[in-house]
Chemist: 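First, the structure itself, so that you have it in front of you.
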Amino acid sequence: MDMHTVVVGTSGTTAEDVIAVARGGARVELSRAAVDALAAAREIVDALAAKPEPVYGVSTGFGALASRHISPDLRAQLQRNIVRSHAAGMGPHVEREVVRALMFLRLKTLASGHTGVRPQVAQTMADVLNAGITPVVHEYGSLGCSGDLAPLSHCALTLMGEGDAEGPDGVVRPAGELLAAHGITPVELREKEGLALLNGTDGMLGMLVMALADLKNLYTAADITAALSLEALLGTEKVLAPELHAIRPHPGQGASADNMLRFLDGSGLTGHHQDDAPRVQDAYSVRCAPQVNGAGRDTLAHGRLVADRELASAVDNPVVLPDGRVESNGNFHGAPVAYVLDFLAIVAADLGSITERRTDRLLDKNRSHGLPPFLADDAGVDSGLMIAQYTQAALVSEMKRLAVPASVDSIPSSAMQEDHVSMGWSAARKLRTAVTDLARIVAVELYAATRAVELRAAQGLTPAPASLAVIEALRAAGVQGPGPDRFLAPDLAAADTFVREGKLVVAAEAVTGALA
C-alpha cells in the first residue's frame, strides 16, 4: 500500500486523488470539516425522522414503493433490506481498481454533508479502503440511474459485514471475517443511510477518470507512432508546420502536430526523398494524423471538464441542503457521464482505425516506397508482420462495435417509476475494453514502424534521434524485433506493455522534451 494519504473534505476531490486511491493504494482520511458536516446533516435527518410526516428516504419506502410510510421500529430493517435486496449483481467480478474508485467517490459524496449519514458510516468506508479490503462487485446490475445501484450495494454490504470481499492478499472471503481481522466494526444502518450508500454515479465516474488518464497517454503514444510511420514511409513533415495548424486553431490538432514535428527533428528520411519517387501528397492516414489525433485530444478535454464537474458534485437522493431542507432530486441520473463515456469510445475507435491504416501501408510493398513485403526478412519464406496486422484489424473491428453508444438505450424499471435510464455503467465498461484494445493497436503500429525505420537505416538513411531512442528503449524492454525463427506474440505483448505503461512517451521525451 502507498503511504500517500488523500484527505477527503466537503468540496469534492480531484482526478489525481481518485487514481492515487484506486491504483496506488493511497490511504484515505476524513477532514475535520467533513466530520463536522456529516454530524450537522445527521442532526437534520434525526429531527425529520422524529416527525410524524413521511420524508422520502428517511421514513418511507423507495422507488415505486415510496408511498409507504415506515414506522420507527422498522426503519433500521428497511435500510438493511435495501442494501441486501439491491445487492443483486451478476457476472464476473469487477476489477479491484474500479471498486476502489467507486468506494472512494461514494465517500467523497458522503463527506460533502449532503447525504445525512453519521460520521461513523463514512469512517467505516475509509477504514475498509485503508485495510485493502475490496468488496466483490459484479459486471451486471447498474442501469446508470438512481446511481450504480447494484455495484454500490455490494460495497455497502461489505460495510455491514455481509457478502464477500477480497482481502489485501487477493483472496476472496466472507466480508465479516475480513472486517474482524482488521479490527473494523460493521455498521448498523439507520434512517437514510442505506439509501445514501447506493445512490450515486460513482462507478461510471471512477471508470471515466481512469480512462481519461489512460487515453491521455495513448494519444501521445499515437502521435509518436504516427511520426515513426511518416518517417518510415518517407513522408513529408511540412504538413506539420505550426502556421498550417494556426489557421485551423483546434487546440488538440496543434498539440499533435507539434508532438510529431518535434519527434521528427533531425530526421534524414522525411520530405526530400519524394523527389526520387514523386507523389503529390501523402495518404490521409499519414497527412491527417494531427487532425484525427487532435480531434480526439479535444474530446478528452471535454471529458475532463465533465469529470471535474462530477468530482465536485454531491450525488444523492434525497439530499440535505444547507438551509436544513431534505429534498428529492434527479442528480443521480448518469446522462452527463454516460454521454462522454460513449463519445470517448467513438474517438478511440477512430484513432485505432487510422493507426491500423498506417500499419497496413507500411506492410504493402506497392505503397511503402521501397520497404520489403510485410517488412519480412525474406518475403515468401518469412511472412513478416502479415498476421500482426490481422490481429490489429480484428481489434479495430471490435472497437467499432464498442463505439456503438450505450446511452441511446433505456429500459424502464421499478414499475415505470424509473422510466428513463442512462446505461452509463455499460458505457464505462465497454470504454475500458476499448482503451485496452487501443493500446494493443498502437503497439502493433509501434512494432511495425520501428521495424521499418530500422530497415531504412540499413538502406543508409538517418532516422531522427528520437526514433533511435525509442528503438533502443524497446530493445531494453525485451522487444527483440522480427525474425523468421521468432514467435511474434511475446514481442507484441511486450510492446503493448511498453505503450500502456507510458514507457514509449518517456523514451520519446528523453530526446524531445515534454510532449502534450
Chemist: Around atom CD of Glu327, are there more than 12 heavy atoms from other residues, nucleotides or ligands closer than 6.0 Å?
Modeler: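 Yes - once you tally the heavy atoms of other residues, nucleotides and ligands closer than 6.0 Å, there are more than 12.
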Chemist: Strictly distance-based, threshold 3.5 Å: is any side-chain N or O of Ser313 a donor or acceptor partner for the main-chain N or O of Val315?
Modeler: no
Chemist: Please determine if Lys51 and Glu53 form a salt bridge, counting it only when a charged side-chain N lies under 4.0 Å from a carboxylate O.
Modeler: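 Judged by the 4.0 Å cut-off on N to carboxylate O distance, Lys51 and Glu53 do not form a salt bridge.
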Chemist: Taking Lys108 first and then Glu310, would you say they form a salt bridge - that is, a charged N and a carboxylate O separated by under 4.0 Å?
Modeler: no
Chemist: Would a 4.5 Å heavy-atom cut-off, applied to side chains only, mark Asp316 and Phe332 as touching?
Modeler: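 Asp316 vs Phe332: side chains apart.
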Chemist: Is the backbone of Gly91 close enough, under 3.5 Å, to the side chain of His138 for a donor and an acceptor to pair up by distance?
Modeler: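 Present.
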Chemist: Is the backbone of Ala516 close enough, under 3.5 Å, to the side chain of Arg297 for a donor and an acceptor to pair up by distance?
Modeler: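 Yes; judged by distance alone, with no hydrogens or angles, the pair exists.
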Chemist: Using a distance-only test with no angle check, is there a side-chain donor-acceptor pair under 3.5 angstrom linking Thr359 and Gln392?
Modeler: yes
Chemist: State which residues pass ring pair (Phe, Tyr, Trp, His ring centres under 6.0 Å) with His333; sequence neighbours excluded, sorted by chain then number.
Modeler: His420
Chemist: Could you go through the side-chain hydrogen bond (donor to acceptor under 3.5 Å, both in side chains) check for Ser256 and Asp223 one step at a time?
Modeler: CA-CA 6 Å; Ser256 286; Asp223 289 341; 3.1 Å; yes
Chemist: Going through the checks in order, is the side chain to side chain contact (heavy atoms under 4.5 Å, CB included) test met by Trp425 and Leu341?
Modeler: CA-CA 9 Å; Trp425 174 273; Leu341 288 162; over 6 Å; no
Chemist: Within the 4.5 Å heavy-atom criterion, are Met103 and Val128 side-chain neighbours or not?
Modeler: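 They are in contact (side-chain heavy atoms under 4.5 Å apart), so the answer is yes.
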Chemist: With a 4.5 Å heavy-atom cut-off, do Val292 and Asp350 have their side chains touching?
Modeler: yes
Chemist: If every non-hydrogen atom of Leu157 is compared with every non-hydrogen atom of Gly163, which pair is closest and at what distance?
Modeler: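 Closest approach of Leu157 to Gly163, heavy atoms only: CD2-CA, 3.8 Å.
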Chemist: For the residue pair Met399 and Ile441, establish whether any side-chain heavy-atom pair is separated by less than 4.5 Å.
Modeler: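 Side chain of Met399 against side chain of Ile441, heavy atoms only: contact under 4.5 Å found.
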Chemist: Do Asp127 and Arg27 meet the salt-bridge criterion of a basic N to acidic O distance under 4.0 Å?
Modeler: no
Chemist: Report yes if the side chains of Val187 and Met160 come closer than 4.5 Å at any heavy-atom pair, otherwise no.
Modeler: yes
Chemist: Which is it for Arg106 and Leu152 under the side chain to side chain contact (heavy atoms under 4.5 Å, CB included) test, yes or no, and what are the steps along the way?
Modeler: CA-CA 8 Å; Arg106 195 70 215 141; Leu152 282 163; 3.8 Å; yes
Chemist: The test is side-chain hydrogen bond (donor to acceptor under 3.5 Å, both in side chains); show your working for Ser146 and Glu418 and say whether it passes.
Modeler: CA-CA 8 Å; Ser146 292; Glu418 299 168 9; 3.2 Å; yes
Chemist: Distance only, no hydrogens: is a donor on one side chain within 3.5 Å (strictly under) of an acceptor on the other, for Ser407 and Asp342?
Modeler: yes
Chemist: Assess whether side chain to side chain contact (heavy atoms under 4.5 Å, CB included) is satisfied between Leu102 and Cys155, documenting all intermediate values.
Modeler: CA-CA 9 Å; Leu102 179 155; Cys155 293; 3.4 Å; yes
Chemist: Leu311 pairs by side chain to side chain contact (heavy atoms under 4.5 Å, CB included) with which of Asp17, Thr14, Val306, Val209?
Modeler: Val209
Chemist: Please indicate whether Phe343 has more than 12 foreign heavy atoms, meaning atoms of other residues, nucleotides or ligands, lying under 6.0 Å from its CZ.
Modeler: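 12 or below, so no.
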Chemist: Apply side chain to side chain contact (heavy atoms under 4.5 Å, CB included) to the pair Leu492 and Thr391, showing each step before the final yes or no.
Modeler: CA-CA 10 Å; Leu492 292 176; Thr391 298; 5.7 Å; no
Chemist: Which atoms form the tightest heavy-atom contact between Pro135 and Ala165, and what is the distance?
Modeler: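 Nearest heavy atoms, Pro135 then Ala165: CA-CB, 3.8 Å.
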Chemist: Does Arg75 reach the main-chain N or O of Ala49 with its side chain, forming a donor-acceptor pair under 3.5 Å?
Modeler: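 Yes, Arg75 side chain to Ala49 backbone: donor-acceptor pair under 3.5 Å.
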Chemist: Using a strict threshold of under 4.0 Å (side-chain N to carboxylate O), is an ion pair present between Asp214 and Arg23?
Modeler: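 Result for this pair is yes, salt bridge flagged.
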Chemist: Say whether, by atom type as modelled, one donor and one acceptor occur between the side chain of Thr124 and the main chain of Gln120 under 3.5 angstrom.
Modeler: yes
Chemist: With no hydrogens and no angle check, is any side-chain donor or acceptor of Gln79 less than 3.5 Å from a backbone partner on Leu195?
Modeler: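 It does hold such a pair.
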Chemist: Give a yes or no on whether the backbone of Val499 and the side-chain of Asn217 come within a donor-acceptor separation of less than 3.5 Å.
Modeler: yes
Chemist: Can you tell me how far CG of Leu197 sits from CE of Met125, rounded to the nearest 0.5 angstrom?
Modeler: 5.0 Å
Chemist: Could you check Leu351, Ile346, Leu344, Val340 and say which one makes a side chain to side chain contact (heavy atoms under 4.5 Å, CB included) with Thr299?
Modeler: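 Of all the options given, the one that passes is Leu344.
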Chemist: Tell me whether His114 contacts the main-chain N or O of Leu110 through its side chain, where contact means a donor paired with an acceptor under 3.5 Å.
Modeler: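 No: the side chain of His114 does not pair with the backbone of Leu110.
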Chemist: Between Asp496 and Arg500, does at least one N-O distance fall below 4.0 Å, as a salt bridge requires?
Modeler: yes
Chemist: Output yes when a side-chain donor or acceptor of Arg357 lies under 3.5 Å from a complementary backbone atom of Ser285, and no otherwise.
Modeler: no
Chemist: Would you call Arg429 and Val98 a side-chain contact if the rule is heavy atoms closer than 4.5 Å?
Modeler: yes
Chemist: Do you see a donor-acceptor pair shorter than 3.5 Å between the side chains of Asp491 and Tyr447?
Modeler: yes
Chemist: If we ignore angles and hydrogens, is there a donor and acceptor under 3.5 Å between the side chains of Thr225 and Glu445?
Modeler: yes
Chemist: How about Val326 and Ile44: do any of their side-chain heavy atoms sit closer than 4.5 Å?
Modeler: yes
Chemist: Between Arg432 and Glu97, is a salt bridge (charged side-chain N to carboxylate O under 4.0 Å, His left out) present by the stated rule, with each step listed?
Modeler: CA-CA 12 Å; Arg432 280 181 68 82; Glu97 68 176 18; 3.0 Å; yes
Chemist: Looking at every heavy atom in both Thr10 and Ala37, which two are closest together, and how far apart are they?
Modeler: CG2-CB, 3.8 Å
Chemist: Which pairs, with at least one residue in residues 392-409 and sequence neighbours excluded, count as a salt bridge (Lys or Arg N to Asp or Glu O under 4.0 Å)?
Modeler: none
Chemist: Report yes if the side chains of Leu504 and Leu474 come closer than 4.5 Å at any heavy-atom pair, otherwise no.
Modeler: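 The answer is no, as the side chains (C-beta and beyond) never meet within the 4.5 Å cut-off.
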Chemist: For Val58 and Glu191, which heavy atoms make the closest approach, and how far apart are they?
Modeler: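 Smallest interatomic distance, heavy atoms only, reads O-CG, 3.5 Å.
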Chemist: Does any N or O in the side chain of Lys192 come within less than 3.5 Å of the main-chain N or O of Val117, such that one atom is a donor and the other an acceptor?
Modeler: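 Answer holds: no.
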Chemist: Does the pair Arg80/Glu193 count as a salt bridge with the N-to-O cut at 4.0 Å?
Modeler: no
